[in-house]
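Structure, as structure tokens:
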Amino acid sequence: MADDVLFEVVRQYACLSPVNAISLPKDISNTVLQDFLVKELLEDQHLKVYPPSQQYQRTFWKKIVAHLERTSIMPEDEEFEISSVIYDHYLGLLNPNNDSSGSSSFVGQGPPSKSFVTYFWKAPGLTSSERFLKTTLLESRNMIESGTTGLRTWTASFVLAQYLIDHPDVIVRKNVLELGAGIGFTGIVASAIQVLAGQDSSNPNKIWLTDVEDTVLATCRDNVDLPCNTSSTHGGVKTQQLDWYAALDENRRPEMVSLLHRTLDPDVIIGADIVFDPSLIGSLLATLEIALRSTRATFALIALTRRNPETMAKFMSSAIERGFTVDAVEYQNQHISFLPHLALDTNLKDVKILRFVSS
């Protein structure tokens, strides 16, 4: 039980959970807690290579130092002293010249810097010693950066990825097209699912991660290729620019049809949190219409967060007008394994997975 509680701290730290939401165990001695944190956070090779941003670490280690400085009543803490490893690390974080993110701003004095974020998740077939897989991304911590929302991972992506973990038959041994892939989280998880299912490495299925922004696609490609991610060994994960507005342009539409039919030709289409702007609805549905009519794909799974009722209503009515059959996927998504603090981000009931079929 103690190990499980301590491991939750690792998961929360690695995925940049809000520091005020991290609960440190009160029934564990400072000696045990400190030894664990030094070994699992400061000496862990993965977190050395892919650490949380220094902005985040400053806040986290400030909390740890304050916790360890409190007097403990446990016998094993009678002669306890804070490790010089922790003190030296924390003091180093207070020096703005050491901020590898390129920002010298302290927490609260500037926008959040980009950060590696590591998500632990469970998958069928793991041994007890493996317990969790890891997916690591370089993410923006801003809601919008460089004029796009695509440089961070949104809640609907976690829900869709969990659904694919629980229903691997949707994508195993199939070519997958993701619309609005962003920085690649869902696609990276999908590639791991295919690898775990024992796909033929000499002839891997293709997972096409598409987006319109060059900056987003470049970050997506970098994340796919991170050596710590299973996607780097998959062999079939591709990135491709796809502008939905081409589906509405008579001059560009034939090129999109050719790309979807001849090059991408998916068996299944997925997308997460791609209906957030009413102005995108027409182009998205036109793209879905082409994809479902000119490829092998017979359906698309789209995970959406209901933020604005009017936007959702417009999306659904527009889809029906275009001849789509839209059904809600029955899925109890209360066990999302990626984020310990997910419930703090949004009400999971606001995320729905919809199945689109073109008539």
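These values consider heavy atoms only, across backbone and side chains, with no hydrogens, waters or symmetry-generated copies.
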Ignoring hydrogens and angles, tell me if any N or O in the side chain of Asp211 forms a donor-acceptor pair with the backbone of Gly182 under 3.5 Å.
yes
When you compare the side chain of Trp244 with that of Ile281, does any pair of heavy atoms fall below 4.5 Å?
no
Under 3.5 Å, is there a donor-acceptor pair between the side chain of Ser115 and the main chain of Ser53?
yes
Below 4.0 angstrom, N of the basic side chain to O of the carboxylate: do Arg11 and Glu8 qualify?
yes
Aromatic plane relationship, Phe315 with Phe356 - under 30° parallel, 30 to 60° tilted, over 60° perpendicular
tilted
Counting neighbours of CD on Glu81 that are heavy atoms of other residues, nucleotides or ligands and sit closer than 6.0 Å, is the number greater than 12?
no
Check whether His167 reaches the backbone of Asp169 with its side chain - one donor and one acceptor, N or O, closer than 3.5 Å.
no
Please answer whether the main-chain N or O of Val19 pairs with a side-chain N or O of Lys63 as donor and acceptor at a distance below 3.5 Å.
yes
Closest contact, heavy atoms only, Glu69 versus Ile82
CG-CD1, 3.4 Å
Might you point out which heavy atoms bring Val85 and Leu42 nearest each other, and give the distance in Å?
CG1-CD1, 3.8 Å
Rounded at 0.5 Å granularity, tell me how far CG in Leu137 sits from CZ in Phe185.
7.0 Å
Quick one: does any side-chain atom of Tyr50 pair with a main-chain N or O of Gln45 as donor and acceptor, under 3.5 Å?
no
Salt bridge (charged side-chain N to carboxylate O under 4.0 Å, His left out) partners of residues 283-306, not counting sequence neighbours, each pair once
Asp265-Arg296, Asp267-Arg296, Glu289-Arg293, Glu289-Arg322
Give the cluster check for Val195 versus Val224: same hydrophobic cluster or not, with ILVMFWY residues linked at side-chain heavy-atom distances below 4.5 Å.
no
Taken to the nearest 0.5 Å, the spacing of Ile165 CD1 from Ile171 CD1 works out to 9.0 Å
Taking atom types as modelled, is there a side-chain donor on Thr305 or Thr155 under 3.5 Å from an acceptor on the other?
no
Sub-4.5 Å side-chain heavy-atom contact between His67 and Leu37:
no
Compare every heavy atom of Ala14 with every heavy atom of Leu47, then report the nearest pair and how far apart it is.
CD2-CB, 4.2 Å
Crowding at CD, Glu78 (>12 non-hydrogen neighbours, <6.0 Å):
no
Side-chain donor-acceptor pair under 3.5 Å between Asp214 and Gln241, yes or no?
yes
Main-chain N/O of Leu138 paired to Asn223 side chain as donor or acceptor, under 3.5 Å:
yes
Same cluster or not: Leu133 versus Val159, using hydrophobic residues (I, L, V, M, F, W, Y) connected whenever any side-chain heavy atoms lie under 4.5 Å apart?
yes
Qualifying residue for side-chain contact (heavy atoms from CB on, under 4.5 Å) with Phe7, from Val5, Val10, Val9
Val10
Nearest atoms (heavy-atom pairs only) where Ile353 meets Leu301:
CG2-CD2, 4.3 Å
Between Tyr163 and Phe120, is there shared hydrophobic-cluster membership here, with clusters defined by ILVMFWY side-chain heavy atoms closer than 4.5 Å?
yes
Are the side chain of Ser317 and the backbone N or O of Ala313 linked by a donor-acceptor pair below 3.5 Å?
yes
May I ask you to decide if Ser294's main-chain N or O and His261's side chain share a donor-acceptor pair within less than 3.5 Å?
yes
Enter the distance from Ile207:CD1 to Leu264:CG here, rounded to the nearest 0.5 Å.
13.0 Å
Does a side-chain heavy-atom distance below 4.5 Å link Leu164 with Ile270?
yes
Drop me the distance from Leu177's CG to Thr295's OG1, to the nearest 0.5 angstrom.
7.5 Å
Minimum heavy-atom separation for Glu139 to Tyr119, with atom names?
OE2-OH, 2.7 Å
Lys/Arg N to Asp/Glu carboxylate O, Asp35 vs Lys39, below 4.0 Å
no
With sequence neighbours left out, write down each residue that passes side-chain hydrogen bond (donor to acceptor under 3.5 Å, both in side chains) with Ser84, or none if nothing qualifies.
none
Does the side chain to side chain contact (heavy atoms under 4.5 Å, CB included) test come out yes or no for Leu41 and Ile64, once each step is laid out?
CA-CA 12 Å; Leu41 298 188; Ile64 295 300; over 6 Å; no
Mind checking whether Leu288 and Leu248 sit in one hydrophobic cluster, side chains of I, L, V, M, F, W, Y counted as touching below 4.5 Å?
yes
Derivation and outcome, side chain to side chain contact (heavy atoms under 4.5 Å, CB included), residues Tyr87 and Val65
CA-CA 8 Å; Tyr87 259 139; Val65 169; 4.0 Å; yes
Check the side chains of Ser231 and Asn229 for a donor-acceptor pair under 3.5 angstrom, ignoring hydrogens and angles.
no
Are Ile28 and Phe60 co-members of a hydrophobic cluster defined by side-chain heavy atoms under 4.5 Å apart?
yes
Looking only at heavy atoms, which two atoms of Ile290 and Ala247 are closest? And how far apart?
CD1-CB, 3.7 Å
Evaluate whether atom NZ of Lys174 has more than 12 neighbouring non-hydrogen atoms of other residues, nucleotides or ligands under 6.0 angstrom away.
yes
Would you please name every residue forming a side-chain contact (heavy atoms from CB on, under 4.5 Å) with Lys238, sequence neighbours left out?
Lys206, Trp208
Checking side-chain polar atoms at under 3.5 Å, does Tyr13 have a donor or acceptor matched by the opposite partner on Gln57?
yes
What's the separation between atom OG1 in Thr186 and atom CD in Glu178, rounded to the nearest 0.5 Å?
4.5 Å
Scan Thr31, Leu33, Leu68 and name whichever one has a side-chain contact (heavy atoms from CB on, under 4.5 Å) with Asp77.
Thr31
Working to the nearest 0.5 angstrom, can you tell me the gap between Lys134 NZ and Cys228 SG?
8.0 Å
Check: Ala197 main-chain N/O paired with Arg173 side-chain donor or acceptor under 3.5 Å
yes
Donor-acceptor contact below 3.5 Å, side chain Gln34 vs main chain Ser83
yes
